[in-house]
Each structure stands twice: as C-alpha cells, then as structure tokens.
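Worksheet: the structure to be examined is printed underneath.
First the proteins, then the strands, lettered A, B, ... as listed; each starts at 1.
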Amino acid sequence: MTKEKNNKPLKELPLGFVDRKEKELLVRDFIISNIKEIMIKYGFQYLETPSFEYTDSIGKFLPDKDRPDEGVFSFKDENKWLSLRYDLTAPLARYIAKNYLEISKPFKRYQLGTVWRNEKPGPGRFREFLQFDADFVGTNNLQADAELCIMIAEILEKCGLSKEEYKVKISSRKITEELFKKINLSENKQKLSVLRALDKIDRLGWTEVRKLLSEGRKDKSGDFTDGANLDKSKIEIIEKELKKKKPVTDDLLEILKIFKDYKFNNFEFDPSIIRGLEYYTGPIFEVNLKFDVTNSKGKVIQFGSIGGGGRYDNLVSNFGNYDAPATGISIGLDRLVYALMQKKEFKIKQSKPVVICVFDKNSMKEYIGLQTILRSASISTEIYPGEGKLKKQMEYANKINAPAVILYGENELKSGKPTIRNLSTGKEKSISIKELSYEIKKII
RNA sequence: GCAGCAGUAGCUCAGUUGGUUAGAGCACUAGUUUGUGGAACUAGGGGUCGGUGGUUCGAAUCCACCCUGCUGUACCA
C-alpha cells in the first residue's frame, strides 16, 4: 500500500515555475496588445526565434564554466549542447549574424518570448518568464537610443501608469570607463566588482557601497560580501564623479538634446545605473516603478527595475566578420503584470457566458437552437455543461459570474418564449426568441 | 551559493510544560420535498501534522539530517 502511494506522480511544480490564471493572463494580454500597437506605430518588425539555441550560439557571454548549464537550462543532443534561451538579445545577435546579408540595415525588430533562467527565484521573479524586447541593429545614431526610452515610457503610460509612477533612468558606460582610467584601474576582475558595488548605490546608499569598494560588507542577515579592495583616495574620486548631477559625456548630452526635441522629460540622469552587463558599450537605461509593491502576505517588498537596456556595439561582431552596432531594451512582462495587478483600478472586463439551463435532455434540440442564435450574435453562450438540478445549475452560473441564465423548460416551451434571468438583479423576463439576442445584449 | 525565519485539511491558522480517536473558520459535497444562485440551517468528505532517522512507555510537540517556501544577500548574460 505504501508502495502505491510512493509511485503517485508529483503534483508540485519545479522550483520557480508557476501556473498562471486567467486574471493574470488578461492583464498580460492587455499589456501585450498595447505593446504591439506601439511597436507598429514606431515601425518595428515582429520576429520570433526558437526557444532552444545551440549553447555555443548564445553562450558567448556566459561565465566561462565547464558546465554549460550554469545559469541556463541545457541538455546534450547528439553531442551538441542545446540551451533554453535566457534572453532575447543573444538570439537576436545570432539571427543577425546568420542572415546579415539579407537584412537591410538599420534593422528594427521587436519580440515577445518566454525565457528561462536556472537560478534562484525571488519576489516576482521566476525561472520561466515572458520578456519583451525592442532593438535597433546596424546604426550608431543615438536617435535610436533616445527613441527606445521614449517608446518604453509610452508603453507604460498606455498601460495606465502616470508620470509619477515610473521613471526612465539613463547613464552611460563611458562614465565608468573614464573613471577607471582616472583611477588607473585596469584589472578586469576588479573593474567588475567596482561596477557591481556601484550598481547598489540606489538600494544600499553610499555608506554601504563604500564598504563594498574597500574591504567588504556584512548584510543584515549576517552574510559577508567581499569588496573591491580600493584605497580611500580612489573611492573618494569615484564618489565625487558619480555624485555629479549632470552628464558630461557626449553621448548622453546628445540624447538629452533629442529628449528635449521630443518634449520627453520623465527621465533622470543617474550615473549609478550600471546594469551589471559586460557587453554594454554606450548609453544604458533602466525603467523603475515608483509605487509600492506588496507580496502575497501584504508586505511591501523591494521591486526594483522592470526592465532596461543599452547600446551593445560588439555583440554581433562576436559571431564573425560582420560588424553591427546595436541598441535595445527589454521589459520583464510578468513583473510588470505583477506590479500592475496591485493597482486597484486595474480591472479587466471579461465576458462570461450566458448559461442555458437544462431541464430535460429530450429538449436539447431547443437549447441548441437558442445557443446557436446567441452565438451567431457573438454572445458568449453555453448550455449547462454538467449534470444536475436547476439549483445546481444556478449555483454554477453564479460562480462563473455569468451575466444571465436562460430558462427554457416545460412552461416556456408551451408558449415558445424563454425566460431570461438577470443574475445581478435577480429579475426575470419572458422574451420572444426574436428579441432574445437584443435583450441579452442589454444585460451584458 | 550564503544567512535568518517558517512548513498542521484546498486556503488562513489554533493545538496548552511531550499524554487517548489532531481542531476551527472559509472552501468543497449532499440535503432543508417537485423549475431558481449570491443568505441561513443540518449532515458529510477531506490530514502518513513537509520527509527520513533518533530520544521516549508515548512525538504535531524534543534532537539530527534532508526537502520545500518566504525574506535578505550574492550572481544575473
């Protein structure tokens, strides 16, 4: 007996994977439809690439590990490693490199797709999630970078956010590069740990970041993080440079000018935006939500950015001889959905079916007749799909939020006039079949 | 990965210093007479008390290890 129990299949989901229900999916669909509309307006092409790629194709920027499944989901297929994509940028670079000669440049594409990451999930973060990307390939024009920021702002506003509820932050990789020259930092490993430390200014503040730049820091759970081991004078220079309120690098100055021409002002220069990515070469941006987000227990949690991007001029050239400067942005849709669902006014209308009650199976022909009339009038309709008494059918209709039920029993069949019951008011009305669709539409 | 906290019914939780057949609310199912939902009442189903091992006459309760979740932290292409 115990053996049988042990053989039962698991009903649990793997870590970081979730079932998504209608409520969430409707919000997601709403966001997606806004995105598509705006993408068309901005002139981007729609592209889809497969979920799997050769690990080698998208793995150029993975940490050089012996195991190809570090951070990604991979398996070996006929001696070649395949990986589920971890973002949409690396597959884009692969796509460009493969089809370089056929693609007219500049190339603008947008893409919606699920990506997978084999890492620890956090609040609003899963191991499988939907991402939206828009990229310009084959142009050095900073108009592209500026337009991405403006476009993302338009998407968020279209989704119902006000200017106070989000902010586009911009910076440039050039700022930190110049800084490294200034303090004579050349070792790549140390550069990276400085960048990582600076990335946390927003969350931890300068006092803690100074610790990370020097000997290291202990967080409130008692865990210790190694520092970058810089000396005091260098840290002072970094701090002074990064506290500047206005950009001085030529790329940002130009973007600011373009913003002005577009009358776009919901941005903020923030030199502490790092984005941790090694491949960025120029302007970088990040989109932050400004309102509180709570978890399932009602506690306010740190939500962070819902997306970002920047210029990556060397990514395509990694594949061969083609050189294509590029810039792009990506948004984590599920995180945006999670945040948007917490805004009270966010109720998406969903049309639920009118339920035709079954009194007698011998009358199915009549029920189907009514259903056909309603469905051909594009009214969501169903004949009660279960079995049972009228009471049970009413309970069902109530539970699925049906706007009305149609009663077509013995009495009604005699007169040929079905009764419709409005489930929100409880009122019933005898209606001729001719007027049925019209009356139901009034209720919906 | 590291650290702190937690795991009792589908959900939210109670369970006294270890002591009989482990409880509540909500949800679910059936019924409160024939064709009427959202309320009430009655009855019912449902738990290897996260898992394994140990201490004990006896463990949901104590100990060890493991698993899972939450939160922070690290990594994040």
Side-chain angles (χ1 to χ4, degrees), chain A residues 1-2 5-6 10-16 18 53 55 57-65 70-72 83 85-93 115-125 127 131 192-193 195-197 199-200 203-204 208 212 216-227 274-280 295-302 304-305 308-310 312 315 318 330 332 355 357-360 363 384 388-413 419-428:
Chain A
M1 224 168 83
T2 27
K5 277 198 169 173
N6 290 339
L10 285 173
K11 54 184 180 297
E12 277 68 37
L13 287 169
L15 175 67
V18 286
E53 298 267 358
T55 304
S57 311
I58 55 169
K60 296 284 180 197
F61 301 95
L62 294 171
D64 234 23
K65 291 274 157 64
E70 181 79 18
V72 298
S83 293
R85 63 183 175 208
Y86 53 83
D87 73 3
L88 299 177
T89 311
L92 172 67
V115 300
W116 296 264
R117 292 186 188 182
N118 190 0
E119 62 194 14
K120 190 203 143 184
R125 278 182 194 276
R127 296 209 292 177
Q131 224 176 34
L192 283 177
S193 64
L195 287 179
R196 273 185 226 117
D199 196 28
K200 297 179 180 74
R203 207 175 63 225
L204 302 175
E208 299 301 312
L212 285 171
R217 166 183 181 265
K218 200 189 226 183
D219 68 54
K220 65 179 173 186
S221 69
D223 192 26
F224 188 80
T225 311
D226 288 332
I274 303 295
R275 301 242 81 226
L277 311 179
E278 267 187 88
Y279 65 57
Y280 287 127
N295 68 4
S296 56
K297 285 173 184 167
K299 230 173 100 183
V300 176
I301 51 169
Q302 292 186 335
S305 76
Y312 51 98
L315 199 54
N318 280 312
S330 49
V355 176
C357 293
V358 176
F359 289 85
D360 183 355
S363 304
Y384 177 66
K389 295 181 185 175
L390 187 59
K391 182 186 164 111
K392 206 174 166 186
Q393 303 189 29
M394 295 295 292
E395 279 171 0
Y396 166 80
N398 184 47
K399 220 155 279 176
I400 64 164
N401 275 318
V405 293
I406 292 175
L407 306 167
Y408 203 36
E410 212 180 324
N411 304 339
E412 286 85 359
L413 278 165
T419 301
I420 58 178
R421 182 184 174 95
N422 182 327
L423 282 185
S424 54
T425 63
K427 283 186 181 152
E428 288 185 3

Rounded to whole Å, OH of A/Tyr86 lies from P of B/rC76 at a distance of 13 Å
CD of A/Glu410 versus P of B/rU34: gap in Å, rounded?
15 Å
C1' atoms of B/rG7 and B/rG44, separation to the nearest Å:
29 Å
Evaluate the criterion side chain to side chain donor-acceptor pair (under 3.5 Å) for residue pair A/Thr419 and A/Glu412; output intermediate values, then yes/no.
CA-CA 7 Å; A/Thr419 301; A/Glu412 286 85 359; 2.8 Å; yes
Determine the minimum heavy-atom distance between A/Leu212 and A/Leu204, stating which atoms define it.
CD1-CD1, 4.1 Å
When all nucleic acid strands are considered with a 4.0 Å heavy-atom cut-off, which category describes A/Gln393: base, sugar-phosphate, or nothing?
nothing
Nucleotide forming a Watson-Crick or wobble pair with B/rA59, both distances under 3.5 Å:
none
Between B/rG46 and B/rG37, how far is it from one P atom to the other, in whole Å?
29 Å
B/rA3 and B/rA60: how far apart are their P atoms, nearest whole angstrom?
30 Å
May I have the distance from A/Glu412 (atom CD) to B/rU36 (atom P), rounded to whole angstrom?
12 Å
For B/rC65, which nucleotide in any strand shown is its Watson-Crick or wobble partner with both distances under 3.5 Å?
B/rG51
For A/Glu53, all residues meeting side-chain contact (heavy atoms from CB on, under 4.5 Å), sequence neighbours excluded:
A/Thr49, A/Pro50, A/Ser57, A/Ile58, A/Pro91, A/Arg94
If pairing requires Watson-Crick or G-U wobble contacts with both distances under 3.5 Å, which nucleotide is the partner of B/rA39?
none
Any N/O donor-acceptor pair, A/Glu428 side-chain to B/rU36 base, under 3.5 Å:
yes
Candidate nucleotides B/rC75, B/rU73, B/rU36, ranked by approach to the side chain of A/Met394 - the nearest
B/rU36
Testing B/rC76, B/rG35, B/rU32 for proximity to the side chain of A/Lys391, the answer is B/rU32
Nearest-Å distance once atom C1' is located in both B/rU16 and B/rU33:
47 Å
A/Ser363 versus A/Leu413: any side-chain heavy-atom pair under 4.5 Å?
yes
Round to a whole Å and report the spacing from CD1 of A/Ile420 to P of B/rG37.
18 Å
Counting only side-chain heavy atoms from C-beta out, which of B/rC75, B/rC28, B/rG31 sits nearest to A/Lys399?
B/rC28
On RNA chain B, more 5' by nearest nucleotide between A/Tyr396 and A/Gly16 is A/Tyr396
For A/Tyr86 and A/Val72, work out which heavy atoms get closest and say how close.
CD2-CG1, 3.5 Å
Both A/Lys200 and A/Asp87 contact RNA chain B. Taking the nearest nucleotide for each, which residue is further toward the 5' end?
A/Lys200
With a 4.0 Å limit, can you tell me whether A/Lys392 has a side-chain N or O closer than that to the phosphate oxygens OP1/OP2 of B/rU36?
no
Where the side chain of A/Asn398 is defined as all heavy atoms beyond and including C-beta, which of B/rA74, B/rG35, B/rG37 is the nearest nucleotide?
B/rG37
Any side-chain heavy-atom pair from A/Leu423 and A/Met394 closer than 4.5 angstrom?
yes
Quote, to the nearest angstrom, the C1' distance that separates B/rU48 from B/rG53.
15 Å
Just verifying a value: how many Å separate A/Gln131 CD and A/Arg117 CZ, rounded to the nearest 0.5 Å?
6.0 Å
Looking at every strand, decide which applies to A/Glu119 at a 4.0 Å heavy-atom threshold: base, sugar-phosphate, or nothing.
base
Considering only B/rG35, B/rG37, B/rC75, which nucleotide approaches the side chain of A/Arg196 most closely?
B/rC75
Here the distance between atom P of B/rG1 and atom CG of A/Asn118, to the nearest Å, is 11 Å
Need one value for A/Ser424: base, sugar-phosphate or nothing, where a base atom within 4.0 Å counts as base even if backbone is also close, heavy atoms only.
base
For nucleotides B/rU61 and B/rU20, find the distance between their C1' atoms and express it as a whole number of Å.
16 Å
Spacing of A/Lys427 atom NZ relative to B/rG38 atom C1', expressed in whole Å
17 Å
Take atom P in B/rA59 and the same atom in B/rA30, then report the distance between them in whole Å.
39 Å
A side-chain contact here means heavy atoms from C-beta on lying under 4.5 Å apart; do A/Leu315 and A/Leu92 qualify?
no
Say we look at B/rU17 and B/rG10: how far apart would their C1' atoms be, to the nearest angstrom?
34 Å
Would you indicate, yes or no, if B/rU34 has its OP1 or OP2 atom less than 4.0 angstrom from a side-chain nitrogen or oxygen of A/Lys389?
no
A/Leu195 CG to B/rC75 P: how many Å, rounded?
11 Å
How is A/Glu208 classified with respect to the nucleic acid when contacts are heavy atoms under 4.0 Å: base, sugar-phosphate, or nothing?
nothing
Nearest-nucleotide pick for A/Arg117, side chain only, options being B/rU73, B/rC76, B/rG37:
B/rC76
Using atom CZ of A/Arg85 as one end and atom C1' of B/rC76 as the other, report the distance to the nearest whole Å.
18 Å
Pairing nucleotide - B/rG1, Watson-Crick or G-U, each distance under 3.5 Å
B/rU73
Which base, if any, makes a Watson-Crick or G-U wobble pair with B/rC13, both distances under 3.5 Å?
B/rG23
